[in-house]
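Comments concern the structure below.
As the structure lists them, so they are numbered: ligands from 1, and atoms in each ligand from 1. Every value quoted in this text rests on a predicted model; they were computed, and no experiment measured them.
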Amino acid sequence: MLEEIKKTLNEFNAEIKKVNSSAELENVRIKYLGRRGVLSQLFDDFKKITSNDKPIIGKTLNQAKIEITGKFNQLQEMILSNSNSTDSYIDLSLPGRKSFVGSKHIITQTLDEVRAIFKGLGFSIYEGPELESDYNNFGALNFPDDHPARDMQDTFFVSEKFLLRTHTSPVQIRVMQEKKPPLRAIMPGKVYRNESLSAKSYCLFHQVEGLLVDTDVTFAELKGTLVSFAQQLYGKDVKYRFRASFFPFTEPSAEVDIWWQQQGKEGRWLEILGCGMVDPNVLMNVGIDPEKYVGYAFGMGVERMALLKYGIDDIRLLFDNDLRFLKQFISV
Ligand code: PHE
């Protein structure tokens with residue numbers, strides 16, 4: 001049997017020298033390494049041997065197998081790398097592959113729309129920091145130290161005097177401290193509240209604050225501006241209502257609800273913003289004479305507006321970043 005193994009090795013070595021293509025290589029593989037190939041046959045024969053030479057034969061057979069597989073793999077690698085460099089060519093007639101460039105998140109899409117609408121109404125844009133002083137977030141906005149609204153907001157305090165802003169209203173304070181009236185600005189940004197997460201509330205969301213200060217401003221103008229906004233965002237037929245409300249920094253105050261009709265479900269009102277006439281105390285806090293100037297302000301929830309616009313029923317979907325969800329809203 002030793003003779004036979006030697007013969008096989010010699011034959012194999014002679015044959016692989018002639019191999020030129022992967023098809024020929026495959027034939028060699030089948031012949032020597034295949035399930036019914038020469039090596040497999042030799043191993044079968046080996047099992048039947050009873051002579052004292054069995055250990056020697058076994059060793060030789062194993063070595064032959066190692067040699068054959070090793071040489072075979074080497075040759076295969078050579079043939080493959082050669083075919084990559086010499087056989088491949090660029091097919092210019094193939095259609096191009098489309099690359100995925102990403103797209104705007106629906107929050108950004110909604111923010112873009114809101115910004116565009118208010119730009120059309122003559123508002124400029126300001127931004128303030130997300131880390132705010134307790135004074136700008138509460139004090140200057142007429143929240144007394146022990147006002148229940150202060151804990152109602154469930155604030156993330158960073159230190160005794162600083163916090164993650166709970167609304168964009170502190171940017172009103174910054175704008176009024178920096179600029180002289182007349183003022184007409186919107187202030188978009190992120191806000192934070194320590195709320196338990198649910199389909200309706202999240203610990204982080206976006207607001208767009210609005211502020212107008214001038215000598216002759218009425219609640220009717222505020223209402224007109226917001227109705228025009230709602231109609232531009234949701235269409236002329238949007239169903240809305242103004243509901244009397246309370247905020248320490250506006251008097252009188254209101255909230256605006258939009259009718260939410262989901263297909264196959266009962267419709268309901270969904271609050272999208274708070275608004276009102278700037279409280280004279282706030283104007284005084286920033287050094288604007290309330291005898292001379294009047295202002296209105298509003299603050300809208302961007303997630304709420306997006307839910308309404310796109311018919312989504314769980315706010316958490318907006319933050320999970322699941323591509324299967326996001327891909328449904330690709331804009332450009
Ligand atoms: N800041 C208020 C809120 O977060 C909304 C608001 C802004 C109300 C401006 C009135 C005027 O709920």
Would you mind running through ligand 1 and noting each atom that sits below 4.0 Å from a heavy atom of Cys275?
8 (C), 10 (C), 11 (C)
Please evaluate residues Phe156 and Tyr192 with respect to the criterion ring-ring contact (aromatic ring centres under 6.0 Å, His included), reporting the C-alpha separation (whole Å), side-chain torsions for both, the decisive distance (0.1 Å), and the verdict.
CA-CA 7 Å; Phe156 286 116; Tyr192 301 84; 7.1 Å; no
Would you call Glu255 a ligand 1 contact, heavy-atom distance under 4.0 Å?
no
Parallel under 30°, tilted from 30 to 60°, perpendicular over 60°: which one fits the rings of Phe319 and His206?
parallel
Please identify which atoms of ligand 1 are closer than 4.0 Å to at least one heavy atom of Ser169.
1 (N), 7 (C)
Please check: side-chain N/O of Asp214 versus main-chain N/O of Asp216, any donor-acceptor pairing under 3.5 Å?
no
Identify which of Tyr296, Phe205, Phe246, Phe249 has a heavy atom lying nearest to atom 10 (C) of ligand 1.
Phe249
Under-4.0 Å salt bridge between Glu3 and Lys6
no
Ligand 1 atoms nearer than 4.0 angstrom to some heavy atom of Gly299 are 6 (C), 7 (C), 9 (C)
Using a strict threshold of under 4.0 Å (side-chain N to carboxylate O), is an ion pair present between Arg174 and Glu132?
yes
If the test is ring pair (Phe, Tyr, Trp, His ring centres under 6.0 Å), which one of Phe229, Phe118, Phe219, Phe247 qualifies with Phe298?
Phe118
Ligand-side contact atoms (ligand 1) for residue partner Gln207, heavy atom cut-off under 4.0 Å:
3 (C), 4 (O)
Flag Gln172 as yes when one of its N or O atoms lies below 3.5 Å from any N or O atom of ligand 1, and as no otherwise.
no
Could Lys223 and Phe242 be counted as a cation-pi pair, given that NZ or CZ must be under 6.0 Å from the ring centre and within 45° of the axis?
yes
Within the structure, does Arg193 bring an N/O atom to less than 3.5 angstrom of an N/O atom in ligand 1?
yes
Between ligand 1 and His167, is the shortest N or O to N or O distance under 3.5 Å?
yes
